[in-house]
Amino acid sequence: MSGWLSRRMVERNIIGEEEQGIYQFGVRNGIIILINITTAFLIGLFTEQLLVVCIFTLSFMTLRSFTGGYHCDSSLLCYISSSFVLFIPVNTGSLFVRMSVMVVLLTLAAAAGIIIALSPMHSKKRKLDHAEKKHFGRRARVIVILQAAVFLGLWYLGYNGYAYAVYSSICIIAVFMLAGKAQLYLQLHMEK
């Protein structure tokens with residue numbers, strides 16, 4: 001579909017032929033994002049926790065785009081795993097309310113610490129230069145601190161489900177970063 005749309009844009013002189021690849025890439029990514037947002041919306045509706053899913057998705061997407069970490073090799077596997085991850089804040093929220101304050105705070109501190117220490121992570125396919133590392137790292141650190149503050153505010157006010165959505169996104173991203181670090185380590189050592 002993205003190829004067809006970009007060809008039509010060239011045929012109608014909306015874009016130049018040399019820009020076709022860039023627009024095709026943008027349209028393809030836009031469609032993928034739209035499918036993911038639609039899936040998240042449907043999961044939220046079916047589980048009757050739309051606001052929890054929306055808060056989790058917003059928290060997850062804003063932080064994940066600056067941290068890096070584990071990435072699936074195929075788009076289909078990425079879509080399936082991303083959809084599966086949405087069920088974590090929906091189905092495990094009851095565990096959160098039974099956790100002690102100390103466990104919650106220590107887990108949050110550990111997850112935020114992992115994100116601060118490891119952000120941003122490059123991948124085997126995409127190495128980051130010094131300026132990119134500095135830019136993405138600064139953004140990731142600011143976002144995780146802001147999200148931790150939002151979590152604490154929601155938790156203090158008694159909005160446990162919404163607080164857990166933010167908390168779980170921070171923890172899951174930290175796990176993805178550790179998995180990404182392990183993936184990079186294995187890739188580098190298997191090549192030798």
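Going from atom CG of L77 over to atom OG of S81 covers 5.0 Å, rounded to the nearest 0.5 Å. In this structure, NE2 in H135 is found 13.5 Å from NE2 in H130, a value given to the nearest 0.5 Å. L63 CG to I170 CD1: the interatomic distance, rounded to the nearest 0.5 Å, is 7.0 Å. L152 contributes atom CG, which lies 12.0 Å from atom CD of Q147 (distance to the nearest 0.5 angstrom). With values rounded to the nearest 0.5 angstrom, M61 atom CE is found 8.0 Å from N36 atom CG. With rounding to the nearest 0.5 Å, the separation of CD1 in I173 from CG in L178 is 12.5 Å.
Hydrophobic clustering, with ILVMFWY side chains joined whenever heavy atoms are under 4.5 angstrom apart, groups F151 together with M99. Connection of Y156 to L146 is not established within any shared hydrophobic cluster, with ILVMFWY side chains joined at heavy-atom distances below 4.5 Å, either directly or through further cluster members. I145 and V150 fall within a single hydrophobic cluster, where Ile, Leu, Val, Met, Phe, Trp and Tyr are joined by side-chain heavy atoms under 4.5 Å apart, directly or via other members. Residues L105 and L157 share a single hydrophobic cluster, defined by chaining ILVMFWY side chains whose heavy atoms lie under 4.5 Å apart. M177 and V85 fall within a single hydrophobic cluster, where Ile, Leu, Val, Met, Phe, Trp and Tyr side chains are chained together by heavy-atom contacts under 4.5 Å.
Considering all non-hydrogen atoms of both residues, T67 and S119 come closest at CG2-OG, 3.5 Å. Here the closest non-hydrogen pair linking L108 and A148 is CD2-CB, 4.3 Å. The shortest heavy-atom contact between A163 and L154 is CB-CB, 3.8 Å. Between S168 and A165, the shortest heavy-atom contact is OG-O, 3.2 Å. Minimum interatomic distance between T57 and A40 (heavy atoms only, all atoms of both residues): OG1-CB, 4.0 Å. Between C171 and T107, the shortest heavy-atom distance links the atoms SG-CG2, 3.9 Å.
The aromatic rings of F60 and F176 stand perpendicular to each other, their planes meeting at an angle above 60°, with 30° marking the opposite boundary. Taking the six-membered ring where tryptophan is involved, the planes of Y164 and F96 are tilted, since the angle between them lies from 30° to 60°.
Within the 4.5 Å cutoff, the side chain of I172 has heavy atoms near those of the F56 side chain. Counting only heavy atoms from C-beta outward, the side chains of I115 and R141 never approach each other to under 4.5 Å. Using a 4.5 Å heavy-atom threshold, the side chains of V104 and W155 count as touching.
Judged by distance alone, with hydrogens and angles left aside, the side-chain atoms of S100 form a donor-acceptor pair with the main-chain N or O of V103 at under 3.5 Å.
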Given the rule in the side chain to side chain contact (heavy atoms under 4.5 Å, CB included) test, do I32 and Y79 qualify, once you have shown the distances and angles that lead to the verdict? CA-CA 9 Å; I32 289 169; Y79 170 74; over 6 Å; no
For C54 and L58: C-alpha separation, side-chain torsions, deciding distance, then whether side chain to side chain contact (heavy atoms under 4.5 Å, CB included) applies. CA-CA 6 Å; C54 288; L58 180 64; over 6 Å; no
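At a cut-off of 3.5 Å, with distance as the only test, no side-chain donor of Y167 or S59 sits close to an acceptor on the other residue.
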